[in-house]
Amino acid sequence: DHRDLHSFPTRRSSDLNPLTSDIRLLFADEYEVAKKARKIIKRRLGYEITDDEIGYISLHIHAALSSQPPGRSLQVASIIHQTVIYVEETFNIVIDEDSIAYIRLVNHIKFLVVRLDRKEDVQVSMTAYTKEKFPVSYAVARRVADYIEKLILEKISDEEVGYLAIHIERIRHSV
């Protein structure tokens with residue numbers, strides 16, 4: 001499959017912030033705080049902010065708490081968003097955002113980027129197993145890893161790809 005992950009349209013939420021549902025899951029605590037900010041803004045300024053704006057506020061709260069630039073948090077949310085769209089398009093499925101498989105996939109990608117930033121390695125390799133048992137999911141995981149590598153300019157190990165393939169395989173069978 002030669003499609004570029006950037007070529008997929010956005011889904012969920014509005015055009016203002018197509019990552020809102022991904023941000024809500026990735027940064028749930030920050031999102032809840034931002035929802036409280038909505039009430040304060042409404043009370044003090046008389047202006048009602050949207051859920052999309054709450055998503056952006058959540059990124060800033062996360063950045064402040066993690067000493068990570070807001071752009072990095074946005075990049076992680078975007079990577080996850082594009083990965084989910086790619087998996088859905090590849091397998092012609094719609095992933096249930098409330099499913100355990102979805103939550104596990106999203107968290108895996110989130111922590112994959114954290115491990116890359118911290119230069120940490122996965123300690124156990126599932127690569128040979130996933131290549132043999134789930135060749136289609138492994139190929140999709142490799143394509144996703146290539147996409148992430150181009151964005152963050154870091155090499156993703158075969159071990160990480162193996163674990164990503166397991167999460168993609170779970171997604172395939174959860175719908």
Side-chain angles (χ1 to χ4, degrees), residues 5-6 8-89 93-123 141 144-145 147-157 160-161 163-164 166-168 170-171 174-175:
L5 273 71
H6 289 291
F8 291 108
T10 58
R11 67 181 184 101
R12 306 180 186 118
S13 199
S14 77
D15 291 336
L16 179 62
N17 186 352
L19 307 176
T20 299
S21 61
D22 301 301
I23 291 167
R24 186 180 307 123
L25 176 63
L26 283 170
F27 311 115
D29 293 338
E30 294 88 338
Y31 194 86
E32 288 302 313
V33 171
K35 282 175 41 180
K36 291 177 183 177
R38 175 183 8 215
K39 292 177 184 176
I40 294 168
I41 291 168
K42 176 70 175 171
R43 188 175 66 243
R44 292 198 177 171
L45 302 175
Y47 179 74
E48 180 86 26
I49 64 172
T50 66
D51 287 348
D52 293 324
E53 290 165 324
I54 288 174
Y56 286 124
I57 292 170
S58 303
L59 291 175
H60 285 281
I61 293 169
H62 176 74
L65 294 173
S66 68
S67 67
Q68 188 179 59
R72 185 56 152 186
S73 300
L74 182 61
Q75 184 181 44
V76 170
S78 180
I79 286 169
I80 289 166
H81 185 76
Q82 291 299 326
T83 298
V84 168
I85 291 169
Y86 181 69
V87 170
E88 287 180 331
E89 292 287 323
I93 60 174
V94 175
I95 300 169
D96 178 5
E97 292 179 6
D98 295 323
S99 71
I100 296 296
Y102 173 79
I103 293 167
R104 291 176 85 169
L105 174 67
V106 166
N107 280 317
H108 179 80
I109 295 169
K110 175 183 175 182
F111 289 110
L112 181 153
V113 174
V114 168
R115 284 189 296 277
L116 290 173
D117 286 345
R118 293 180 180 172
K119 309 286 188 231
E120 294 176 1
D121 293 323
V122 174
Q123 300 300 314
V144 168
Y147 163 71
I148 296 170
E149 286 175 352
K150 287 178 187 171
L151 285 177
I152 63 176
L153 304 175
E154 292 281 338
K155 177 79 174 114
I156 296 177
S157 70
E160 285 285 3
V161 176
Y163 279 102
L164 183 56
I166 289 171
H167 290 291
I168 291 170
R170 283 186 182 132
I171 288 286
S174 70
V175 292

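Heavy-atom basis, side chains included; hydrogens, waters and symmetry copies ignored.
Contact detail for L164 and A141: the closest heavy-atom pair is CD2-O, 3.8 Å. Between S73 and A63, the shortest heavy-atom distance links the atoms OG-N, 4.5 Å. Nearest heavy-atom pair, V161 versus A145, reported as atom, atom and distance to 0.1 Å: CG2-CB, 3.7 Å. Taking all atoms of both residues into account, the shortest heavy-atom contact from K150 to L153 is O-CD2, 3.6 Å. The two residues R38 and I49 have their closest heavy-atom pair at NH1-O, 3.1 Å. Closest approach of L116 to K155, counting heavy atoms only: CD2-O, 3.5 Å.
Residues V114 and V76 fail the side-chain proximity criterion, which asks for heavy atoms closer than 4.5 Å. When side chains are defined from C-beta on, Y31 counts as touching D51, because their heavy atoms get closer than 4.5 Å. The shortest side-chain heavy-atom distance between E160 and H108 falls under the 4.5 Å cut-off. For the pair I61 and F27, the minimum side-chain heavy-atom distance is 4.5 Å or more.
In terms of modelled atom types and a separation under 3.5 Å, the side chain of S78 and the main chain of Q75 share no donor-acceptor contact. The backbone N or O of I79 lies less than 3.5 Å from a partner atom in the side chain of T83, making a donor-acceptor pair. Remark: the backbone N or O of E120 is not paired with any side-chain donor or acceptor of R115 at under 3.5 angstrom. Under a 3.5 Å cut-off, the side chain of E32 and the backbone N or O of D29 do not form any donor-acceptor pair. Side chain of E88 to main chain of I95: a donor-acceptor pair is present (N/O by atom type, distance under 3.5 Å, no hydrogens or angles).
Summarising the geometry, atom CD1 belonging to I57 is positioned 11.0 Å from atom CD1 belonging to I23; distances are rounded to the nearest 0.5 Å. Here CD1 of I152 is found 7.0 Å from CG of L112. Values are rounded to the nearest 0.5 Å. Put simply, CD1 on I148 and CD on E154 are 12.0 Å apart, with the number rounded to the nearest 0.5 Å. To the nearest 0.5 angstrom, D22 atom CG is 9.5 Å from Q82 atom CD. Taken from CD in E30 to NE2 in H60, the straight-line distance is 13.0 Å, to the nearest 0.5 Å. Between the CD1 atom in I103 and the NE2 atom in H167 there is a gap of 12.5 Å [rounded to 0.5 Å].
Within 6.0 Å of CD1 in I100 there are 12 or fewer heavy atoms belonging to other residues, nucleotides or ligands. R43 CZ: more than 12 foreign heavy atoms inside a 6.0 Å radius. Environment of NZ in K36: sparse, with no more than 12 heavy atoms of neighbouring residues, nucleotides or ligands closer than 6.0 Å.
Partner of Y102 under the side-chain contact (heavy atoms from CB on, under 4.5 Å) criterion, chosen from L25, V87, D96: L25.
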